[in-house]
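Side chains included, hydrogens not; waters and symmetry mates left out as well; all remaining heavy atoms used.
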Amino acid sequence: FWLKRRIQKQQPVPDTADPSNLSDMQNDEGRIVDLYLPRKCSATNRLIPAKEHGAVQLNVAQVDENGTYSGEFFTFALAGFIRQRGESDACLNRLLYEKGLLTFSK
C-alpha cells in the first residue's frame with residue numbers, strides 16, 4: 001500500500017537522450033549544470049567510471065619566469081588501473097612533455 005502511493009508521487013524522469021531536453025540542464029549563461037560528464041583517462045583515453053575510487057585528477061599550474069601563478073592550468077586525469085600497474089609516473093611525464101611543461105635535457 002505505502003509503496004504504491006510512493007511510486008505515484010514520483011515525478012517522471014526527463015529523457016536525457018533527447019537533445020531537446022538538454023536545454024533544461026543549462027543555466028542562464030549556457031553552462032551545463034546538472035548533466036553528468038564522464039572523465040577520460042589522459043594517458044589511455046578510456047572512460048573513467050563514476051564509482052572508480054582509484055582514479056585521480058591533477059591540475060598543473062602554469063607559472064611565469066618569476067614562479068608566480070598566471071591563472072592558467074592543465075588538467076590531467078589518470079585511471080585507477082594505470083596507477084595500479086605503477087605506470088602513472090611515466091604517463092604523467094609523457095603528458096607533461098607533450099604539453100611542453102617538462103624537458104628531459106640536462
Side-chain angles (χ1 to χ4, degrees):
F1 171 78
W2 61 271
L3 182 61
K4 189 184 264 187
R5 178 176 276 173
R6 185 175 178 190
I7 291 173
Q8 290 173 351
K9 289 183 180 180
Q10 290 179 349
Q11 295 179 351
V13 178
D15 183 20
T16 57
D18 184 16
S20 64
N21 286 339
L22 289 179
S23 63
D24 298 336
M25 302 288 187
Q26 296 178 357
N27 62 7
D28 294 337
E29 299 171 357
R31 301 183 97 188
I32 298 173
V33 291
D34 266 345
L35 189 62
Y36 169 70
L37 297 174
R39 294 182 296 168
K40 288 179 79 174
C41 178
S42 300
T44 61
N45 285 333
R46 290 186 185 181
L47 287 178
I48 299 174
K51 296 289 184 175
E52 182 175 343
H53 298 290
V56 294
Q57 182 169 331
L58 303 168
N59 289 335
V60 179
Q62 189 79 356
V63 296
D64 60 4
E65 306 84 35
N66 299 328
T68 58
Y69 178 58
S70 65
E72 299 176 3
F73 59 88
F74 294 100
T75 303
F76 300 104
L78 295 174
F81 67 90
I82 292 292
R83 297 182 64 219
Q84 186 177 15
R85 292 174 60 184
E87 296 180 5
S88 58
D89 185 45
C91 289
L92 190 58
N93 285 341
R94 178 181 57 85
L95 292 168
L96 291 172
Y97 179 75
E98 289 173 358
K99 294 283 186 180
L101 301 173
L102 181 69
T103 59
F104 295 112
S105 61
K106 292 184 179 184

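Atom CG of D64 and atom OH of Y69 lie 12.0 Å apart (nearest 0.5 Å). Atom CG of L96 is separated from atom SG of C91 by 11.0 Å, given to the nearest 0.5 angstrom. To the nearest 0.5 Å, the span separating CG on L47 from CD on E52 amounts to 11.0 Å. In this structure, the separation between CG on L78 and CZ on R39 is 9.5 Å, given to the nearest 0.5 Å.
The environment of Q84 atom CD is sparse: at most 12 non-hydrogen atoms of other residues, nucleotides or ligands sit within 6.0 angstrom. Around the CZ atom of F74, the shell of radius 6.0 Å holds more than 12 heavy atoms that belong to other residues, nucleotides or ligands.
By the criterion of side-chain heavy atoms lying less than 4.5 angstrom apart, applied directly or through intervening Ile, Leu, Val, Met, Phe, Trp or Tyr residues, V56 is not grouped with I82; the two fall into different hydrophobic clusters. Cluster membership for V60 and Y97, using ILVMFWY side-chain heavy atoms within less than 4.5 angstrom, is shared. One hydrophobic cluster, built from ILVMFWY side chains closer than 4.5 Å, cannot hold both F76 and F73; they sit in different ones.
Looking only at distances, no side-chain donor or acceptor of N66 sits under 3.5 Å from a matching main-chain atom of T68. R83 places a side-chain N or O within 3.5 Å of a backbone atom of G54 that can act as its donor or acceptor partner.
The minimum heavy-atom distance linking I48 with A77 is given by the pair CD1-CB, 4.0 Å. For the residue pair T44 and F81, the shortest heavy atom distance occurs at OG1-CZ, 3.7 Å.
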